2 protein chains.
Amino acid sequence: MGQLLGEFQCRLDEKGRVRLPSSLLRQLNDLGGYNLVINRSVDKCLMLYPKVVWDKIKVKVDKLNPYVKKNREFIRYFYRGATELSPDSSERILVPKALMEYAEIERDLVLFAYNNKIEVWSQANYDAWISDEKGDDFSDIGEEILGSLNDE
Amino acid sequence: MGQLLGEFQCRLDEKGRVRLPSSLLRQLNDLGGYNLVINRSVDKCLMLYPKVVWDKIKVKVDKLNPYVKKNREFIRYFYRGATELSPDSSERILVPKALMEYAEIERDLVLFAYNNKIEVWSQANYDAWISDEKGDDFSDIGEEILGSLNDE
DNA sequence: TAAAGAAGTGGGAAAATTTGGGAATTATTT
DNA sequence: AAATAATTCCCAAATTTTCCCACTTCTTTA
């Protein structure tokens, strides 16, 4: 049951802070609090996890044997950049510079929440992604997943 | 419970010292103190252990029967370069030169903390590693670990 | 459509963190 | 034993982060 949902346009202020939209704050609160963990994700976006969600995933990753090369690489890949965050007294978070650079965020950004996690995109990259019409390519997956919905 | 988390950009000062970021210090403190052990790890990075964590691992390694060749090799592998460290009165540590050379650290470095340990990388090697998009290779491990999350 | 409340923005100022280096101390070399 | 190098202690300046308050904008309601 995915608790987080929404797409939010935000902007860094002078000091590099992002205010979390109040709708998101309410959802986070329901999920267990404002504590967050952020890391690098794929496709040049960042992933923001409610601490509760992060901890669940982390437990599994930590079980992997790091002396196996492939596991080790996965572990690092998963953890890369991972940093704990919590909003300041005005519900703003300060994302580490290195991560901002990775995501190519300068001023405008998008918070894209679904299924217990929040993707963080630069507005530009997000727009490019959205406007890129790749709809047709999903016919097979779409069929498989959603096709069955019509049966019920 | 893995208590350490975070990615920190650091730089050696004139005297070759690294200041431990205060966030990390707080975490170390919670874990049992500022005493550390560092050794050579794989992939040209160093591994920094809180003393408490090191001691636990050490116990296990020391139990290995050294008359088995493979064990013996692992033991050496594990101990190579191991040195005890503790920060000076300004919370800075001085990493042995030989280890710095091994990790190819000249000035800029990254502390990458996860699961109770801290990897120490040269900024250059770390960046190279980060930017290397190897996402697809993990579909199998990722599936196993992250796929199941959606069930709950 | 005015008023009230909620949401979001901006920035001054205090607090905390980080950086840099002088000087004292200890260790090493010759 | 003197000279040199390495390590450590300590303080001060510079930077970053955080706290706090005020202002603007947006939304809702009467």
Side-chain angles (χ1 to χ4, degrees), chain A residues 4-30 33-38 46 48 51 81-101 105-113 118 120-123, chain B residues 4-30 33-38 46 48 51 81 83-101 105-113 118 120 122-123:
Chain A
L4 300 178
L5 192 65
E7 179 188 291
F8 309 91
Q9 252 76 29
C10 300
R11 143 173 316 189
L12 294 185
D13 68 13
E14 293 294 309
K15 297 176 183 172
R17 302 171 297 191
V18 196
R19 169 156 224 285
L20 297 179
S22 53
S23 146
L24 198 51
L25 285 168
R26 273 190 295 270
Q27 298 180 44
L28 284 172
N29 194 51
D30 293 344
Y34 293 168
N35 285 333
L36 302 166
V37 174
I38 194 169
L46 307 174
L48 199 53
K51 184 76 165 41
T83 307
E84 206 169 337
L85 291 181
S86 58
D88 69 12
S89 50
S90 301
E91 284 77 42
R92 288 174 287 202
I93 54 173
L94 189 59
V95 180
K97 270 185 201 153
L99 297 194
M100 284 302 192
E101 275 166 27
I105 296 172
E106 305 211 328
R107 176 153 251 89
D108 297 299
L109 58 96
V110 176
L111 300 179
F112 180 22
I118 307 165
V120 183
W121 292 79
S122 78
Q123 179 83 58
Chain B
L4 300 179
L5 191 68
E7 179 189 288
F8 308 92
Q9 254 74 29
C10 301
R11 144 173 314 187
L12 294 185
D13 69 12
E14 295 293 310
K15 298 174 186 173
R17 302 171 298 189
V18 197
R19 169 157 226 283
L20 298 179
S22 57
S23 146
L24 199 52
L25 286 168
R26 272 190 295 270
Q27 299 178 45
L28 285 171
N29 193 51
D30 293 344
Y34 294 169
N35 287 332
L36 302 166
V37 175
I38 194 169
L46 308 174
L48 197 54
K51 184 74 165 44
T83 309
E84 209 162 326
L85 291 181
S86 60
D88 68 13
S89 53
S90 300
E91 285 77 42
R92 287 176 284 205
I93 54 173
L94 190 58
V95 180
K97 269 186 199 152
L99 296 194
M100 284 301 193
E101 275 166 28
I105 296 172
E106 305 211 329
R107 175 156 249 89
D108 297 299
L109 58 96
V110 176
L111 301 179
F112 180 22
I118 307 165
V120 184
S122 78
Q123 178 85 58

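Below, all heavy atoms of this structure are taken into account, side chains as well, without hydrogens, waters or symmetry copies. Proteins come first, then strands; the chains are lettered A, B, ... in the order of their sequence lines, and each starts at number 1. Since the structure is predicted, the reported quantities are computational estimates derived from the model, not experimental observations.
The closest side-chain heavy-atom distance from B:Leu20 to B:Leu28 is below 4.5 Å. Side-chain contact between B:Gln123 and B:Leu109 is absent, with no heavy atoms from C-beta onward closer than 4.5 Å.
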(request) Please lay out, stage by stage, how A:Asp108 and A:Gln9 fare under the test side-chain contact (heavy atoms from CB on, under 4.5 Å). (result) CA-CA 7 Å; A:Asp108 297 299; A:Gln9 252 76 29; over 6 Å; no

(request) May I have the step-by-step check of side-chain contact (heavy atoms from CB on, under 4.5 Å) for B:Val95 and B:Val120, ending in yes or no? (result) CA-CA 10 Å; B:Val95 180; B:Val120 184; 6.0 Å; no

(message) Would B:Ile38 and B:Ile93 count as a side-chain contact (heavy atoms from CB on, under 4.5 Å) here? Give the steps.
(response) CA-CA 11 Å; B:Ile38 194 169; B:Ile93 54 173; 5.9 Å; no

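Listed by chain and number, the residues in a side chain to side chain contact (heavy atoms under 4.5 Å, CB included) with A:Leu94 are A:Arg17 (sequence neighbours excluded). Applying the ring pair (Phe, Tyr, Trp, His ring centres under 6.0 Å) rule to A:Phe112 yields the partners A:Tyr114, A:Tyr126; only residues at least two apart in sequence or on another chain are considered.
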List, with names and distances, any nitrogen or oxygen atoms from the protein found under 3.5 Å away from nitrogen or oxygen atoms belonging to nucleotides 21-26 of chain D.
none

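In this structure, B:Glu106 places its CD atom where only 12 or fewer heavy-atom neighbours from other residues, nucleotides or ligands lie under 6.0 Å away.
The interatomic distance linking B:Gln9 (CD) with D:dT16 (P) rounds to 14 Å, in whole Å. In this structure, the CG atom of A:Leu94 is 5 Å from the P atom of D:dT17, given to the nearest Å.
Panel note: side chain A:Gln27, backbone A:Leu5; a donor-acceptor pair is recorded below 3.5 Å.
Looking at every heavy atom in both residues, A:Tyr34 comes nearest to A:Leu25 through CE2-O, 3.3 Å. Across all non-hydrogen atoms, the minimal contact from A:Thr83 to B:Glu7 is OG1-N, 4.0 Å. When every heavy atom of B:Gly81 is checked against every heavy atom of B:Leu99, the shortest pair comes out as O-CD1, 3.7 Å. The two atoms that bring A:Val18 and A:Cys10 nearest to each other are CG1-CB, 3.8 Å, heavy atoms only.
Among the atoms of the strands shown, none is found under 4.0 Å from any heavy atom of A:Glu91.
In the helix from C:dT1-D:dA30 to C:dT30-D:dA1, the end axes, each obtained as the rotation axis mapping the C1' atoms of four pairs onto the next four within a five-pair block, lie 20° apart to the nearest 10 degrees.
Contacts with DNA chain D (heavy atom under 4.0 Å) in residues 17-26 of chain A: A:Arg17, listed by number.
In this model, no side-chain donor or acceptor of B:Lys15 finds a partner on the base of D:dT7 within 3.5 Å.
For DNA chain C, the span of nucleotides reached by chain B at under 4.0 Å from its heavy atoms goes, 5' to 3', from C:dT17 to C:dA23.
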